[in-house]
Colleague: 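Got a structure for you, questions after.
Naming: A, B, ... by sequence-line order, numbering from 1 per chain.
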There are 2 protein chains.
Amino acid sequence: MDVLNGKWKIAIISSICYYNKRRFSDILNDVVGISNKMLSKELKELEINKLVKRTVLNTQPITVQYELTPHGLTLQTIISNLTEWGIAHRKEIVGE
Amino acid sequence: MDVLNGKWKIAIISSICYYNKRRFSDILNDVVGISNKMLSKELKELEINKLVKRTVLNTQPITVQYELTPHGLTLQTIISNLTEWGIAHRKEIVGE
DNA sequence: CAGTATCCAAAGGGATACTG
DNA sequence: CAGTATCCCTTTGGATACTG
């Protein structure tokens, strides 16, 4: 079930989702701690799973934009549920 | 957010959840492919996160029962959502 | 800019054997 | 039965340098 493996996937999706469209180097900045190698790899996996769409813009030098596919947008609910649960979980753990 | 890391966590929770109470060796059988070392480790983590409760029964030889805590039960919704999404995802991927 | 390639240390995790 | 301990191979992922 874990198309979302690798600790970065959710952060990457969140970044793209927040800005709607996002360039490679921008995501690199958004997701603190990630290396270009990892970002490249994770994006490739997301693309294979049809969660993000990759479009090359013919600028000079070239830039690449990533955006969520309709199917990728489907994840929003899941992710926000997870986030919500995570917050509740923190309270549960530290609360005692 | 990933208290559910390690590829086994969800399977373990599902096993316990399905049977309500479940012994160590039973979970070992339910979750195909897991080693006792991993099961032990994962259960320990789940216990630390207060998702499962561990109770030692004074039988001979001793048996140990695991069950979900109220807080652990909270995950059910999340997991079923994930499962549901996973199924839809499969269709999306293989469908084309 | 958007990656790819290489190197390498650390973590993950299987198999097996052992203990109370 | 319910683990723990050890060995050891595999995977993960960071740092850095390089390419079109």
Side-chain angles (χ1 to χ4, degrees), chain A residues 1-69 72, chain B residues 1-69 72:
Chain A
M1 236 26 104
D2 296 35
V3 177
L4 301 177
N5 51 10
K7 51 181 173 180
W8 305 110
K9 291 272 186 352
I10 291 182
I12 293 171
I13 292 174
S14 301
S15 165
I16 299 175
C17 186
Y18 183 78
Y19 292 101
N20 218 2
K21 293 171 192 287
R22 202 71 174 148
R23 291 180 311 147
F24 186 88
S25 54
D26 290 332
I27 303 175
L28 205 53
N29 286 325
D30 294 341
V31 182
V32 288
I34 198 172
S35 63
N36 52 352
K37 173 180 149 188
M38 272 302 102
L39 180 54
S40 172
K41 186 191 134 209
E42 303 269 66
L43 280 172
K44 209 173 288 176
E45 291 176 18
L46 290 173
E47 200 190 344
I48 289 171
N49 282 305
K50 297 179 186 169
L51 299 175
V52 304
K53 185 174 148 217
R54 176 179 181 274
T55 39
V56 181
L57 281 56
N58 63 345
T59 50
Q60 193 47 247
I62 62 166
T63 55
V64 180
Q65 264 190 353
Y66 291 91
E67 57 193 311
L68 293 186
T69 62
Chain B
M1 235 27 102
D2 296 35
V3 177
L4 301 177
N5 51 10
K7 50 181 171 178
W8 307 109
K9 292 271 185 355
I10 292 183
I12 293 171
I13 292 175
S14 300
S15 164
I16 299 175
C17 186
Y18 183 77
Y19 292 101
N20 218 4
K21 294 170 191 287
R22 202 69 173 149
R23 291 180 312 147
F24 187 88
S25 52
D26 290 333
I27 303 174
L28 205 52
N29 286 325
D30 294 342
V31 182
V32 288
I34 198 172
S35 63
N36 51 353
K37 174 179 148 189
M38 273 300 103
L39 180 55
S40 171
K41 187 191 134 208
E42 303 269 66
L43 280 171
K44 210 173 287 174
E45 291 176 18
L46 290 172
E47 200 190 344
I48 288 171
N49 281 307
K50 297 179 187 170
L51 299 175
V52 304
K53 185 175 148 215
R54 176 179 181 275
T55 41
V56 180
L57 281 58
N58 63 345
T59 50
Q60 193 47 248
I62 61 166
T63 55
V64 180
Q65 264 191 351
Y66 291 90
E67 56 192 313
L68 292 187
T69 62

Colleague: What's the shortest heavy-atom distance between B:Asn5 and B:Glu42, and which atoms?
Modeller: O-OE1, 4.1 Å

Colleague: To the nearest 0.5 Å, tell me how far A:Lys9 NZ sits from A:Ile12 CD1.
Modeller: 7.0 Å

Colleague: Picking from A:Arg54, A:Arg22, A:Lys53, what satisfies side-chain contact (heavy atoms from CB on, under 4.5 Å) with A:Glu67?
Modeller: A:Lys53

Colleague: Okay, side chain of B:Ser25, backbone of B:Leu28: is any donor-acceptor separation there less than 3.5 Å?
Modeller: no

Colleague: Which atoms form the tightest heavy-atom contact between B:Val52 and B:Leu43, and what is the distance?
Modeller: CG2-O, 4.1 Å

Colleague: Could you tell me whether a side-chain N or O of A:Ser15 sits under 3.5 Å from a main-chain N or O of A:Ala11, the two making a donor and an acceptor?
Modeller: no

Colleague: Once rounded to the nearest 0.5 Å, what's the spacing between atom CG of A:Asp30 and atom OH of A:Tyr18?
Modeller: 10.0 Å

Colleague: Partners of B:Lys41 by side-chain contact (heavy atoms from CB on, under 4.5 Å), sequence neighbours excluded?
Modeller: B:Met38, B:Glu45

Colleague: Of all of residues 20-47 of chain B, which get a heavy atom below 4.0 angstrom from DNA chain D, listed by number?
Modeller: B:Arg23, B:Phe24, B:Ser25, B:Asn36, B:Lys37, B:Ser40, B:Lys44

Colleague: With the threshold set at under 4.0 Å for non-hydrogen atoms, list the residues of residues 54-64 of chain A touching DNA chain C in residue-number order.
Modeller: A:Arg54, A:Pro61, A:Ile62, A:Thr63, A:Val64

Colleague: Under 3.5 Å, side chain of B:Thr69 to main-chain N/O of B:Leu51, donor-acceptor pair present?
Modeller: yes

Colleague: Where along residues 6-17 of chain A does a heavy atom come under 4.0 Å from DNA chain D, residue by residue in number order?
Modeller: A:Lys7, A:Trp8

Colleague: What's the spacing between A:Lys21 NZ and A:Leu57 CG if we round to 0.5 Å?
Modeller: 9.0 Å

Colleague: If you take all heavy atoms of A:Leu39 and A:Phe24, which pair is closest and at what distance?
Modeller: CD2-O, 3.5 Å

Colleague: Does the side chain to side chain contact (heavy atoms under 4.5 Å, CB included) test come out yes or no for A:Asp26 and A:Tyr19, once each step is laid out?
Modeller: CA-CA 10 Å; A:Asp26 290 332; A:Tyr19 292 101; over 6 Å; no

Colleague: Of all nucleotides in DNA chain C that come within under 4.0 Å of a heavy atom of chain A, which is furthest toward the 5' end and which toward the 3' end?
Modeller: C:dC1 to C:dC7

Colleague: Under 3.5 Å, side chain of A:Ser14 to main-chain N/O of A:Ile10, donor-acceptor pair present?
Modeller: yes

Colleague: Would you mind reading off the bend of the helix from C:dC1-D:dG20 to C:dG20-D:dC1 from its two end axes, five pairs each, to 10 degrees?
Modeller: 40°

Colleague: Of the non-hydrogen atoms in A:Tyr66 and A:Ile27, which two are nearest, and what is the gap between them?
Modeller: CD1-CD1, 4.2 Å

Colleague: Within the side chain of A:Thr55, is there an N or O that forms a donor-acceptor pair under 3.5 Å with the backbone of A:Gln65?
Modeller: yes

